[in-house]
There are 2 protein chains.
Amino acid sequence: MLRGLSAAHHQRGEEGTKDELVYARLFTAIIEHRLQPGMKLPEDALTESFEVSRTVIRKALQRLALERLVTILPKRGATVAKPTIAEAKNIFAARQLIEVGTLDQVVQNIRPSDIAELREIARQEHEAQHARDHRQAIKLSGQFHVRLLSIAGNDDLTDFLVRLVSRSSLIIAVYGSSWSADGKCDSHDALIALLEAGDAAQAKTWMSQHLKEVESALDMSPEEDSEPDFKKIFSEMES
Amino acid sequence: MLRGLSAAHHQRGEEGTKDELVYARLFTAIIEHRLQPGMKLPEDALTESFEVSRTVIRKALQRLALERLVTILPKRGATVAKPTIAEAKNIFAARQLIEVGTLDQVVQNIRPSDIAELREIARQEHEAQHARDHRQAIKLSGQFHVRLLSIAGNDDLTDFLVRLVSRSSLIIAVYGSSWSADGKCDSHDALIALLEAGDAAQAKTWMSQHLKEVESALDMSPEEDSEPDFKKIFSEMES
DNA sequence: GATGGAAATAACGTATACAATATATAAATA
DNA sequence: TATTTATATATTGTATACGTTATTTCCATC
């Protein structure tokens with residue numbers, strides 16, 4: 001079973017080192033919106049929190065940066081990444097391609113135990129939604145999508161989706177003002193039924209629709225808070 | 001223009017640090033088969049080659065490890081990654097999904113200048129093939145695929161493909177015993193013609209076929225050199 | 001009061017030292 | 001001679017120190 005959402009397949013024996021723990025803690029904190037996009041992540045402060053040296057902190061931050069969950073600017077340190085609207089669209093487009101495109105294989109490979117696991121995740125999802133625990137709900141929703149794709153049996157695609165889903169979580173943090181856990185209570189259940197029936201075609205249209213809905217629930221109106229675009233402002237002025 | 005095959009989009013201002021140079025040199029050496037799969041990459045030895053401290057070397061190696069071009073085993077150091085047959089199949093399956101699935105968008109976005117650039121890469125590819133320069137030919141072939149996908153305008157997918165293509169290069173190093181630059185001299189040209197004609201459907205079938213051909217040109221017979229599978233050996237014995 | 005610049009402070013990039021662990025070598029035993 | 005065990009060596013994991021660069025603070029000036 002996947003621990004949290006964390007990277008799908010570690011290299012043999014990658015556990016046991018301190019940076020793994022730091023990485024995992026930071027990863028979870030970001031995914032769960034405990035650390036919000038734009039927040040600074042100074043190495044010294046983290047050093048004190050985790051009681052390890054900067055060497056270890058830096059390794060974890062660099063990994064998160066490669067996964068685009070944090071942004072590192074030279075000599076200016078790390079911050080929690082803040083996806084732009086363009087990035088958000090790319091990420092959902094990529095998810096469409098991957099998640100819809102692999103469903104044939106998923107339907108072909110799926111076993112009863114897989115369905116049971118998916119149902120269990122969906123159940124926990126309902127639980128979190130009813131408890132209004134957005135953090136947990138978002139995390140579990142992501143787990144569902146990742147677990148589903150893992151059935152296709154392609155570790156590389158699964159790994160890629162883990163990153164896309166992680167970043168989706170950041171996107172929700174930035175643009176999900178109107179994010180509601182309602183209206184999606186039984187959403188994943190419908191898919192499970194289709195999978196159980198072996199109806200790949202309908203599962204694909206369902207998934208495509210689902211991702212579209214998630215995306216359009218976001219408020220991606222032209223960004224306001226970002227730095228004012230003087231070039232545009234002045235080009236729009238007459239005289 | 002993409003510098004070599006190197007990662008498609010760097011974070012703003014990621015240049016200028018030493019580890020970038022080390023990373024780029026190692027990346028290129030691996031892609032070009034100057035460092036072959038399985039080769040050890042001891043930190044001290046690299047320290048002397050690059051005349052930087054282990055800190056810098058380690059950062060570069062860790063990045064390459066996350067991109068799966070090198071394998072790091074705890075306390076045992078880094079080696080150039082040696083993709084298994086299963087990995088190879090996953091990588092080509094992922095490439096099919098991504099490269100075929102984005103061609104509609106590519107055809108929709110493509111501009112004359114893009115076509116010109118693709119033609120230029122194809123030309124250099126021919127040149128390298130005629131000169132029997134396999135290293136350069138493989139590298140340019142990868143560049144072609146990446147440049148093509150970049151037209152779709154999805155940086156995340158492009159980035160993912162960069163990694164898949166890099167690893168494809170490793171796969172060729174391991175399983176491409178019968179690799180011949182012949183018979184593919186005009187292969188990419190045919191695609192360019194289809195793109196220019198705006199024929200997305202045919203471009204897709206072409207691409208699918210092309211990737212299949214590349215894959216089946218590999219010799220992925222059951223691996224021999226790997227560690228002896230005692231379980232299998234003894235279960236096959238009678239008495 | 002607002003602006004510009006210089007000093008002070010804080011944060012990061014890199015090198016290096018030491019500790020912990022794996023590998024290799026050599027000795028000992030069967 | 002083959003196998004095992006103990007020691008030595010080599011290599012990686014982590015901490016820390018120092019130099020460099022960005023940011024902040026403060027003061028002079030307009």
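Residue numbering restarts at 1 for every chain, and letters A, B, ... go by the order of the sequence lines.
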Query raised in the report: Taking atom C1' of D:dA22 as reference, at what distance in whole Å does atom NZ of A:K40 sit?
Result: 9 Å
Query - Side-chain H-bond candidate by donor/acceptor type, B:S150 with B:R147, under 3.5 Å - result: yes
Report summary line: Here the distance between atom P of D:dT23 and atom CG of A:L73, to the nearest Å, is 9 Å
Report task. Would you mind reading off the distance between A:E20 atom CD and D:dG13 atom P, rounded to a whole angstrom? Result -> 12 Å
Query raised in the report: Which residue pairs pass the ring-ring contact (aromatic ring centres under 6.0 Å, His included) test with at least one member in residues 154-173 of chain A, sequence neighbours excluded?
Result: A:F160-B:F160
Query raised in the report: Heavy atoms, side chains only, cut-off 4.5 Å: are B:L157 and B:L161 in contact?
Result: no
Query raised in the report: Between B:D44 (CG) and C:dA17 (P), how many Å, whole number?
Result: 13 Å
Report summary line: Whole-Å distance, B:I72 CD1 to D:dT11 P, equals 16 Å
Query raised in the report: Do NZ/NE/NH1/NH2 and the carboxylate oxygens of B:K212 and B:E215 come within less than 4.0 Å?
Result: no
Query - Donor-acceptor side-chain pairing of B:Y23 and B:Q62 below 3.5 angstrom - result: no
Query raised in the report: Got B:E20 and B:R63 here, is their nearest side-chain heavy-atom distance under 4.5 Å?
Result: yes
Protein and nucleotides 19-21 of chain C: nitrogen or oxygen contacts under 3.5 angstrom:
{"from": "C:dA20", "atom 1": "N3", "to": "B:K75", "atom 2": "NZ", "distance (Å)": "3.0"}

Query raised in the report: Between atom CZ in A:R76 and atom C1' in D:dA22, what is the gap in whole Å?
Result: 8 Å
Query raised in the report: Whole Å only: how far is the CG atom of A:L41 from the C1' atom of C:dC12?
Result: 14 Å
Query raised in the report: Starting at CG of A:D19 and ending at C1' of D:dT12, how long is that distance when rounded to a whole Å?
Result: 12 Å
Query raised in the report: Is A:E87 salt-bridged to A:R167, going by a charged N under 4.0 Å from an acidic O?
Result: yes
Query - Any residue meeting salt bridge (charged side-chain N to carboxylate O under 4.0 Å, His left out) with B:E43, in chain and number order, not counting sequence neighbours - result: B:R54, B:R58
Report task. Mind checking side chain to side chain contact (heavy atoms under 4.5 Å, CB included) for B:N109 and listing every partner two or more places apart, or none if nothing turns up? Result -> B:Q105, B:I151
Query raised in the report: Do any side-chain nitrogens or oxygens of B:K18 fall under 4.0 Å of OP1 or OP2 in C:dA15?
Result: yes
Query raised in the report: Is there side-chain contact between B:H145 and B:R95, with at least one heavy-atom pair below 4.5 Å?
Result: yes
**Report entry** Sorted by number, the residues of residues 48-58 of chain A with heavy-atom contact under 4.0 Å to DNA chain C
**Finding:** A:R54, A:R58
Requested in this report: Side-chain contact test, heavy atoms from C-beta onward, threshold under 4.5 Å: evaluate it for B:S169 versus B:H33 and give yes or no.
Outcome: yes
Query raised in the report: So how far off straight is the helix from C:dG1-D:dC30 to C:dA30-D:dT1, going by the axes through five pairs at either end, to 10°?
Result: 10°
